[in-house]
Amino acid sequence: MDKSYSSVTESDIYQSWESSGAFTPKIDKKKKPFSIILPLPNANDPMHMGHALFTIEDILIRYHRMLGEPTLWLPGSDHAGIETQFVFEKMLQKEGKSRFDYDRQTLYQMIWGFVEKNRTLNQFQMKKLGFSMDWTRYHYSLETPIVDNVLATFKKLYDDGLIYRDEKIVNYCTFCGTAFSNLEVVHKSVDSHLWYFKYPVVGQKDRYVTVATTRPETMLGDTAVAVNPKDKRYLDLKNQKILLPLVNREIPIIFEETVDIKFGTGAVKVTPSHSPEDYDMGKIHGLEFIRIFDYDGRSNQNVPLKYRGLFPNQVRQMVIDDLTAAGLMEKIKDYTHEVGHCYRCSRPIEPITAPQWYVKIAPLAKPAIDAAKTGKVKFFPVRFKKTYIDWMENIRDWNISRQIVWGPRIPAWYCLDCHPQIKVNFLDKNKKIVSGFYKDLKGKYSVEEIKNGLQSLVAPVDVSFMVEESIQCSKCHSSAVIQETDTFDTWFLSGQWPLNTLGFNPKDPSKSSPDFGYFYPTSVMDTLWDILFFWVARMIMFGLYLAKDVPFKTVHLHSRVVDARGQKMSKSKGNVIDPLVMTEKYGTDALRMSLVYGIAPASDFVVSEDKIRAQRNFVNKIWNASRFVLMIIERFVEKNPKLNISTTIDISKLNDDDKNILTNLNSIISSTTTNIDKYRFGQASENLYQFFWHDFCDIYIEKAKDRGEDVIPVLLTVLINSLKLLHPFIPFVTESVYQILRDKAGLEEPQLVTASWPKEIKL
RNA sequence: GAAUCUGUAGCUCAGUUGGUUAGAGCGCAUCAUUGACAUUGAUGAGGUCAGAGGUUCAAGUCCUCUCAGAUUCACCA
């Protein structure tokens with residue numbers, strides 16, 4: 001609202017709504033509820049245009065509230081594991097520090113404090129945008145009861161045999177210091193080269209096998225060369241060995257059908273510890289796994305001395321130089337290929353073997369696929385159903401462990417006395433980093449000192465663990481028991497969000513809160529399509545697994561906001577339009593309207609200041625038209641101080657103009673209702689705009705200027721019904737106008753936010 | 001490599017199950033208006049709906065192909 005028109009501010013109106021209790025639904029078993037769980041924003045993140053699109057949810061919520069349904073919009077915010085830690089580490093970096101300067105308890109406390117400072121900011125901002133959320137039911141993902149539930153879910157999965165540890169090849173970012181799921185890897189096309197190396201065959205002078213590779217540096221970890229058994233060029237190499245150059249290790253030649261005869265030379269160097277395909281080959285052929293890069297990104301003791309302690313690109317150059325010098329470089333060709341990059345820091349991902357925690361996903365995915373196929377969960381737009389099912393049918397086991405601090409730790413405990421081969425990293429009393437195997441450190445450091453200064457531990461996959469917290473080992477009764485330092489993938493927690501925010505009890509579902517029984521499954525999950533797999537799919541799986549029902553009946557995927565050049569808005573590109581700046585400049589109503597006006601579902605759409613300005617003019621129009629109606633009423637009251645204002649329409653007294661506008665009103669009531677029901681917000685807002693501005697203002701009101709007081713009932717009826725229809729889109733101005741009208745014309749309903757949705761008028 | 005989406009007025013985009021002269025906002029032109037309107041109103045110009053073929057009484061809308069662009073998924077050296 002343009003502030004110059006009224007002394008009532010948007011925040012006054014918001015407060016009056018909130019304090020009236022309008023946002024807090026009352027459970028009424030006789031009525032069907034309507035509920036939406038807010039896609040939880042990151043707690044440390046200020047709002048951007050993407051969040052402003054929650055306007056769509058507010059439209060649904062306000063509409064259903066006006067229909068008289070007990071309506072819940074449940075807000076919350078997420079600790080956002082890796083995202084937040086990444087932001088925090090950037091701050092540390094500016095101070096010349098790093099995460100390695102702190103033990104994990106201290107680091108956790110520091111991040112906690114950082115998030116607490118920012119956590120209320122986006123709440124304030126959501127209120128600015130007029131979102132009618134039930135703040136009495138607000139949740140934060142690290143609240144103790146929520147975390148307890150998440151840990152209980154882990155326990156249940158474990159008891160059901162769906163949790164396991166394995167040392168597979170994972171997507172590891174050595175800069176972020178953690179593994180990622182496949183979804184978190186961004187594939188980018190990179191211009192590089194194919195290097196052709198000659199590997200000598202053992203015992204055969206001048207017989208070489210030439211391999212082609214994009215990653216020369218990994219050759220130090222080769223443990224085989226693979227050729228296709230049908231490849232005639234290599235038939236003589238059965239049972240022969242290769243002498244790996246630079247390393248002088250004898251490695252076998254294996255025959256593997258998956259090797260493409262046509263690619264390169266048809267011979268592949270095999271590095272099982274640093275390539276996903278080679279890992280599979282290594283498993284099938286029982287090859288040696290030699291990991292040559294450590295989790296800090298540097299080469300380790302598994303390579304010859306001169307190559308140790310270096311980053312991959314440094315090793316690459318040395319290997320190329322040394323092979324060239326040895327006359328083993330056959331040729332170098334240009335080659336473009338896809339390389340995985342960290343979605344967080346954009347550095348190349350190092351495929352690396354590491355022990356991780358996994359969820360067996362197939363048993364969870366199956367019911368979630370069925371739910372989509374049978375329509376228990378509906379998708380809008382429907383094309384996303386196919387995307388969802390395709391993805392779910394090809395899903396792989398879910399790596400839920402992250403080697404970061406910020407987030408709940410995986411509830412598993414190891415006994416260091418039973419498993420002295422566990423490696424620990426910690427800060428000693430003097431704050432110096434100590435790394436090593438427990439068996440070597442045992443005499444020198446107490447368990448307490450290790451625990452207090454702990455940064456991380458690495459436990460081989462064959463060690464046993466306990467899933468109940470205890471002070472003693474259940475086998476040897478040692479008190480050297482230490483908790484896993486891996487934390488959960490954020491989505492493991494947020495995947496259970498609808499359950500946990502509504503008070504589901506995973507230990508005993510019958511003891512869940514009344515909210516859960518009433519509001520679950522929720523009505524709609526509205527979110528951006530880019531977290532369909534990350535979040536929506538996981539919520540469906542967890543919902544069905546834990547509560548035996550889907551978490552929401554409809555998934556509505558909304559559009560993505562892009563800039564005028566079609567680019568995704570992001571801080572690093574500097575093309576962000578700040579919704580709060582727009583709110584200040586043009587009013588919240590104008591911003592909201594511009595976010596839904598004329599948009600198609602789930603396609604990118606452009607927000608520009610022009611568009612917002614156009615909607616500001618519309619909001620002004622509403623204000624001014626209302627002022628005109630008020631003026632007519634005031635004149636009437638001056639002349640007839642003792643008469644009441646009537647909104648009752650006497651059909652026999654209507655002229656053609658009256659009949660026309662009322663017919664149009666009826667049709668806009670019915671079209672707006674179906675358009676919102678079918679998520680056609682763009683159409684709904686366009687029709688309303690057209691009706692109000694042209695049918696009502698330009699035609700009816702213009703003609704009304706020449707008429708007497710008899711115009712008042714129709715004028716008021718159309719205005720009030722229009723305000724109601726517009727209210728979900730344009731809440732502030734409509735409410736403020738309505739309340740003035742209420743006082744002048746003696747209307748019954750106290751506020752628009754809880755007023756009844758219009759019904760067609762009988763003519 | 002697989003899948004999906006997009007191509008409609010100068011710009012940004014709507015167009016629901018195929019149905020009369022294809023719509024909006026911004027911009028542009030002309031006129032009017034400053035007594036609801038930090039303006040607004042009236043009128044108008046501007047489109048072979050990417051291209052080709054097909055189905056149909058009827059296609060922007062359905063089918064096939066071509067061209068152009070975007071995105072997502074994917075372990076190919």
Side-chain angles (χ1 to χ4, degrees), chain A residues 2 4-5 168-171 182-183 185-187 194-196 211-216 218-219 222 225-226 256 258-260 262-271 275-281 335 337-338 340 349 351 381 383-384 386-387 389-391 394-396 529-530 532-533 559-560 562-568 593-594 596-632 671 674-675 678-687 689-690 693-694 697-699 701-702 704-705:
Chain A
D2 200 315
S4 61
Y5 287 124
K168 300 195 232 188
I169 198 127
V170 295
N171 308 299
N182 289 342
L183 278 175
V185 176
V186 183
H187 292 88
L194 259 183
W195 286 268
Y196 290 73
V211 296
T213 182
T214 54
R215 298 204 59 198
T218 61
M219 66 82 64
D222 283 1
V225 167
E256 172 58 51
T258 57
V259 175
D260 184 351
K262 291 186 195 113
F263 189 91
T265 60
V268 189
K269 60 186 273 310
V270 183
T271 321
S275 157
E277 313 83 65
D278 297 5
Y279 174 86
D280 292 342
M281 271 192 238
Y335 186 67
H337 64 141
E338 298 284 318
I349 288 286
R383 66 185 148 92
F384 285 102
K386 180 179 159 48
T387 314
I389 291 173
D390 285 353
W391 185 77
N394 295 306
I395 197 168
R396 292 165 167 234
W529 48 259
D530 63 358
L532 180 63
F533 305 135
S559 318
R560 193 177 63 172
V562 295
D563 72 0
R565 274 176 295 168
Q567 302 246 306
K568 190 175 178 178
M593 192 68 176
S594 71
V596 293
Y597 185 87
I599 59 154
S603 59
D604 289 356
F605 84 102
V606 177
V607 166
S608 61
E609 238 182 288
D610 274 354
K611 207 172 162 184
I612 302 170
R613 200 178 302 122
Q615 295 307 327
R616 190 269 323 270
N617 290 348
F618 179 56
V619 174
N620 273 343
K621 193 74 183 174
I622 296 172
W623 183 263
N624 283 313
S626 306
R627 268 192 11 177
F628 175 78
V629 175
L630 280 166
M631 196 180 76
I632 304 266
S671 79
T674 47
N675 279 334
K678 295 189 174 173
Y679 307 106
R680 299 197 291 242
F681 307 103
Q683 198 62 49
S685 54
E686 256 185 88
N687 291 351
Y689 182 100
Q690 198 68 19
W693 199 318
H694 298 289
C697 294
D698 292 344
I699 300 170
I701 289 186
E702 285 307 318
K705 288 176 180 172

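A, B, ... follow the sequence lines: proteins, then strands. Residue 1 opens every chain.
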Any side-chain N or O of A:Asn394 under 4.0 Å from OP1/OP2 of B:A3? no

Side-chain contact check for A:Gln683: nearest option of B:G15, B:A3, B:A36 is B:G15

For B:A50, the nucleotide meeting Watson-Crick or G-U wobble distances (both under 3.5 Å) is B:U66

Span that lies between the C1' atom of B:C57 and that of B:G15, in whole angstrom: 23 Å

Once you apply a heavy-atom cut-off of 4.0 Å, does A:Tyr335 come out as touching a base, just sugar-phosphate, or nothing? sugar-phosphate

Using the C1' atom in both, what is the distance from B:A50 to B:U43, to the nearest Å? 33 Å

Give the C-alpha distance, both sets of side-chain angles, the deciding distance and a yes or no for side chain to side chain contact (heavy atoms under 4.5 Å, CB included) between A:Thr213 and A:Leu194. CA-CA 5 Å; A:Thr213 182; A:Leu194 259 183; 5.6 Å; no

Sugar-phosphate only, base, or nothing, as touched by A:Val259 at under 4.0 Å among non-hydrogen atoms: base

In this structure, how many angstroms lie between the P atom of B:U33 and the CD1 atom of A:Ile701, rounded? 21 Å

Sort out the partner of B:U40 for me: Watson-Crick or G-U wobble, both distances under 3.5 Å, none otherwise. B:A32

Please report, rounded to the nearest Å, how far the C1' atom of B:G35 is from the CE atom of A:Met631. 7 Å

Could you measure between the two C1' atoms, the one in B:U8 and the one in B:A68, and give it in whole Å? 16 Å

Give each protein N/O atom lying under 3.5 Å from an N/O atom of nucleotides 68-74 of chain B, with the pair distance.
| unit_1 | atom_1 | unit_2 | atom_2 | d |
| --- | --- | --- | --- | --- |
| B:A74 | N6 | A:Glu338 | OE1 | 3.1 |

Looking only at N and O atoms, is any donor in the side chain of A:Lys705 or the base of B:A36 less than 3.5 Å from an acceptor on the other one? yes

Base B:U16 to side chain A:Arg680, donor-acceptor N/O within 3.5 Å cut-off: yes

Re B:U55: Watson-Crick or G-U wobble partner, both distances kept under 3.5 Å, found to be none

For B:U71, the Watson-Crick or wobble counterpart (both distances under 3.5 Å): B:A3

Can you check the distance between B:C28 and B:C67, where both ends of the measurement are the C1' atom (answer in whole Å)? 32 Å

Between A:Thr218 and A:Lys269, is a side chain to side chain contact (heavy atoms under 4.5 Å, CB included) present by the stated rule, with each step listed? CA-CA 9 Å; A:Thr218 61; A:Lys269 60 186 273 310; 2.6 Å; yes

Could you measure the distance from the CG atom of A:Asp530 to the CG atom of A:Leu183? Nearest 0.5 Å is fine. 11.0 Å

Rounding to an integer number of angstrom, what distance separates B:U48 and B:U33 when you compare their P atoms? 37 Å

From the list A:Asn182, A:Thr387, A:Ile395, side chain to side chain contact (heavy atoms under 4.5 Å, CB included) partner of A:Phe533 resolves to A:Thr387

Could you pull out the closest heavy-atom pair between A:Val185 and A:Gly340, with the gap in Å? CG1-CA, 3.6 Å

Could you pull out the closest heavy-atom pair between A:Ala625 and A:Ile701, with the gap in Å? CB-CD1, 4.1 Å

Mutual orientation of the aromatic rings belonging to A:Trp529 and A:Phe384 [parallel < 30°, tilted 30-60°, perpendicular > 60°]: parallel

Find the partner of B:U20: check Watson-Crick (N1-N3 plus N6-O4 or O6-N4) and G-U wobble (N1-O2, O6-N3) distances, both under 3.5 Å, and reply none if neither fits. none

Check the distance between B:C76's P and A:Met281's CE and give it to me in whole angstrom. 13 Å

Go through B:U4, B:U39, B:G41 for me and flag the one nearest to the A:Asp698 side chain. B:G41

Heavy atoms under 4.0 Å, any strand shown: does A:Leu532 hit a base, just sugar-phosphate, or nothing? nothing

How long is the line joining CG of A:Asn620 and P of B:U34, in whole Å? 20 Å

Might you point out which heavy atoms bring A:Lys621 and A:Trp693 nearest each other, and give the distance in Å? CE-NE1, 3.4 Å

Roughly how many Å is it from CD in A:Glu702 to P in B:C37, rounded to a whole number? 11 Å

Whole-Å C1' distance, B:G27 and B:G18: 33 Å

Return the value, rounded to whole Å, for the distance between atom CG of A:Asp390 and atom P of B:U4. 8 Å

Please measure how far the P atom in B:G47 lies from the corresponding atom in B:C11, and state the result in whole Å. 13 Å

Heavy-atom pair of closest approach, residues A:Pro351 and A:Pro276: CB-CD, 4.0 Å

I need the minimum non-hydrogen distance between A:Ile612 and A:Ser594, along with the two atoms involved. CG1-OG, 3.4 Å

In whole Å, what is the span from the CD1 atom of A:Ile599 to the P atom of B:U6? 15 Å

Please check: side-chain N/O of A:Ser685 versus main-chain N/O of A:Phe681, any donor-acceptor pairing under 3.5 Å? yes

Contacts under 3.5 Å, N or O only, protein and nucleotides 23-28 of chain B:
| unit_1 | atom_1 | unit_2 | atom_2 | d |
| --- | --- | --- | --- | --- |
| B:A24 | O2' | A:Tyr597 | OH | 2.7 |

Across every strand shown, the nucleotide meeting Watson-Crick or G-U wobble geometry with B:G25 (both distances under 3.5 Å) is B:C11

Across all strands, who's sitting opposite B:C76 as a Watson-Crick or G-U wobble pair, both distances under 3.5 Å? none

Mind checking the NE2-NE2 spacing from A:His337 to A:His187? Nearest 0.5 Å is all I need. 11.5 Å

For A:Ala625, report the nucleic acid contact type (base, sugar-phosphate, nothing); a contact means any heavy atom under 4.0 Å. base

With a 3.5 angstrom cut-off on both distances, give the Watson-Crick or G-U wobble partner of B:A45, or none if there isn't one. none

Name the closest nucleotide to the A:Arg383 side chain, picking from B:U4, B:U16, B:A36. B:U4

Between B:A58 and B:C13, how many Å separate the two C1' atoms, rounded to a whole number? 27 Å

For atom CG of A:Asn624 and atom P of B:U33, their distance in whole Å: 20 Å

